[in-house]
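Shown next, in structure tokens, is the structure this report addresses.
In what follows, every chain begins at residue 1, and chains take the letters A, B, ... in the order their sequences are listed. These numbers come from a predicted model, not from an experiment.
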Amino acid sequence: MRVAVAVGPGGGGLLCPLGDDGMPTGPAEEVADLAKAIAARERAQAPRWIWAATTRLYPPLLAAGVRVARCHDLELVESLLLAYQGRYGEPRSVRAALARLTGSPVPADPVAVPADAQPTLFDDLSDVPADPADTPPPGGAEPGGRGDAVRGRVGAGGGGPAGGLGAAEELAAVLAVYREQARRMAATEHADRLPLLAAAESAGGLVAAEMRHGGLPWRAEVHDALISDLLGPRPGPGMRPRKLQVLADRISAEFGRPVNPDSPAQLTKAFAAAGFSVPSTRAHVLREVDHPAVPALLEYKELVRLWTAHGWSWLDAWAERDGRFRPEYVVGGVVSGRWASNGGGALQIPKVLRRAVVADPGWKLVVADAAQLEPRVLAALAGDRAFASAAAHGDLYAALAHVFEQAGGPRAPAPHGTQDGGSRGGRDKAKIALLSAMYGGGTGDAVQLLGVLRQRFPQAYGYVEAAARDGEAGRLVRSRLGRTCPPPSPGWRDLVSGERGAAAMRSRGRFTRNFVVQATAAEWALALLATIRTHLADPAAVVFFQHDEVIVHTPAAAAEEVAGTIRAAAEEAGRLLFGRTQVVFPMEIAIVDCYADAK
DNA sequence: AACGGCAGCGCC
DNA sequence: AAAGGGCGCTGCCGTT
């Protein structure tokens, strides 16, 4: 069962049931309260909702207390299909897709509206004024500030009517573009896979909106205590926290002159004056420099990072009064299909701050992490029997180390008594070899290990090698379900034939080599997330997702059950992508009160 | 004063 | 121990 949706003015809209062929089975129904109508149909039929963009449609539904199980997000799918066709970065809105279909001028995508300007009602495109002067920017933004974003959104309309689409036009566009997308998916050599990817991506859009709506539990007072302890009390405006000032003074004293530790240029000069020529002032470089300012400098770097990225201004901006952190997630924001985030650095929460992520009283956090996801994905992708059987159990790296040691013969005997079948050092080497194969590295020890990898696991090795060769030749590569890497940049072919062409060629090879694994891992994670979401019993909710890790916030009594749901979802994700495979995707799961207590 | 590139470092 | 892939965010610094 499928129902197409279009948004009208004043919270109303149009609903149109579709048959299996994607054609309407009857006339569209005009409804005065779209949220209410969708809620009723969701209860009765739980259809797949066909709509223009989850980012526009779903937040107001959530605000009205309405959740849906499934959708087809035309905008996200348009991106996937354009990429599949090698047409990266073209406008992906429904209006643009329709314009391509009808041969009319293609409007540029609207500039993203600021994250804090979320609509409280349905904003259909016809509500966007033709003249920005009609609408004062939210929050009374100063000229040249947020107002420009609003202007850009309207002005980007191109050939369409100035005010965008009315409900009837939007519905017509949704129907036409949906049918066209189905046709394009069916026409690919991955006709059975792209629809899976489309469904997973669309489900991702739903979870992303729900995660933003629900928020990650965040205890501002814990965060504050933590940074106050490390940095000293909150300083006045324009002042450094006390501990940073102490360190800065000590650094200057050790150099014998004032040095701004925030300035790489000043630091380089100061080191030069002291007789140390440093190529950069990165921490790992400075660690090797024998100068008395170094220890204070390293400590300063660590703390200043915490202060600037996650200090009190972060708390002011992001820790909401109801004890939640609500970042904006951007589904498919990374070309590999990983998510990006907008504001708050949601996908870069430092480990020390995980202390501030605490379950509500009577609730638990179920923190689940896919163990060694990318190498397992490679094993399943390549269909390498030997590699897959190494990945058929718990510790993949240990299993590989075992194989390596056998390959090495008497020269590298394994110490006895280790329970995982290989020495610690062997395991680390296996890990390095594998990461080198997937990332395109291969210096030092890794060269030799890569040779072993190639002999013992020719298909797995060959799989990433082939992806690298494709990239070096300027060709496209795809994930398991058909997500496609960008073509080389316009100047790339000239660059490659030029003087320093080899470097550019290898660089693209490393990118495509990694792409096939990273993008397939990302879609495995998407399938995991979607499956978890559909099997989660009501008050429990996914509150965080980061590449290969998911956190569910649940009433304590249901925590064990949630853990089971997650394990089952991991198996299901493997089946969805790879069918029958002996590769397993084990999850490391911790049931905790505080994120910092996981693993 | 505003903008963009870069350095540096946090996460996977 | 670092390197190899992907990001976001901040402050510095040169340019406009």
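Side-chain N/O atoms of A:N260 include one lying less than 4.0 angstrom from OP1 or OP2 on C:dC12. For B:dC12, one of the phosphate oxygens OP1 or OP2 lies less than 4.0 angstrom from a side-chain nitrogen or oxygen of A:K351.
Not a single donor-acceptor pair under 3.5 Å links the side chain of A:T281 to the backbone N or O of A:P264. For A:T520 (side chain) and A:V516 (main-chain N/O), a donor-acceptor pair under 3.5 Å exists by modelled atom type.
Counting any heavy atom pair closer than 4.0 Å across all strands shown, A:A346 reaches no nucleic acid atom. If you check every strand for non-hydrogen atoms under 4.0 Å, A:I349 touches sugar and phosphate atoms only. If you check every strand for non-hydrogen atoms under 4.0 Å, A:R338 touches a base. Within the 4.0 angstrom heavy-atom criterion, base atoms lie near A:R305. Contact annotation for A:G333: no contact, since no heavy-atom pair falls under 4.0 Å across all strands. As judged by a 4.0 angstrom heavy-atom cut-off over every strand, A:Q546 is placed among residues touching the sugar-phosphate backbone only. Within the nucleic acid shown, A:R354 comes within 4.0 Å of sugar-phosphate atoms alone, with no base atom in reach, counting heavy atoms only. In this structure, A:S263 reaches the sugar-phosphate backbone alone: every heavy-atom distance under 4.0 Å involves primed, P, OP1 or OP2 atoms, never a base.
Residue ring and nucleobase are not stacked for A:Y439 and C:dG4 under a centre distance beneath 5.5 angstrom and an angle between planes beneath 30°.
A salt bridge is absent between A:E465 and A:R454; no separation between the charged side-chain nitrogens and carboxylate oxygens falls under 4.0 Å.
At a non-hydrogen distance threshold of 4.0 Å, nothing from residues 459-479 of chain A comes into contact with DNA chain B.
Taking A:F271 as the reference, A:F255, A:H291 meet the ring-ring contact (aromatic ring centres under 6.0 Å, His included) condition, with sequence neighbours excluded.
Atoms CG (A:L306) and P (C:dT10) sit 13 Å apart, rounded to a whole Å.
Partner of A:V366 under the side chain to side chain contact (heavy atoms under 4.5 Å, CB included) criterion, out of A:V592, A:V562, A:I532: A:V562 alone.
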Return all side-chain donor-acceptor pairs below 3.5 angstrom for residues 541-550 of chain A, not counting sequence neighbours, or 'none' if the list is empty.
from, atom 1, to, atom 2, distance (Å)
A:Q546, NE2, A:E549, OE1, 3.4
A:E549, OE2, A:Y595, OH, 2.5

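Between B:dG8, C:dA2, C:dC7, one nucleotide has an atom nearer to the side chain of A:V334 than all others, and that is C:dC7.
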Go through the steps to decide whether A:E210 and A:R533 satisfy the test salt bridge (Lys or Arg N to Asp or Glu O under 4.0 Å), and finish with yes or no.
CA-CA 10 Å; A:E210 288 165 3; A:R533 175 180 178 272; 2.6 Å; yes
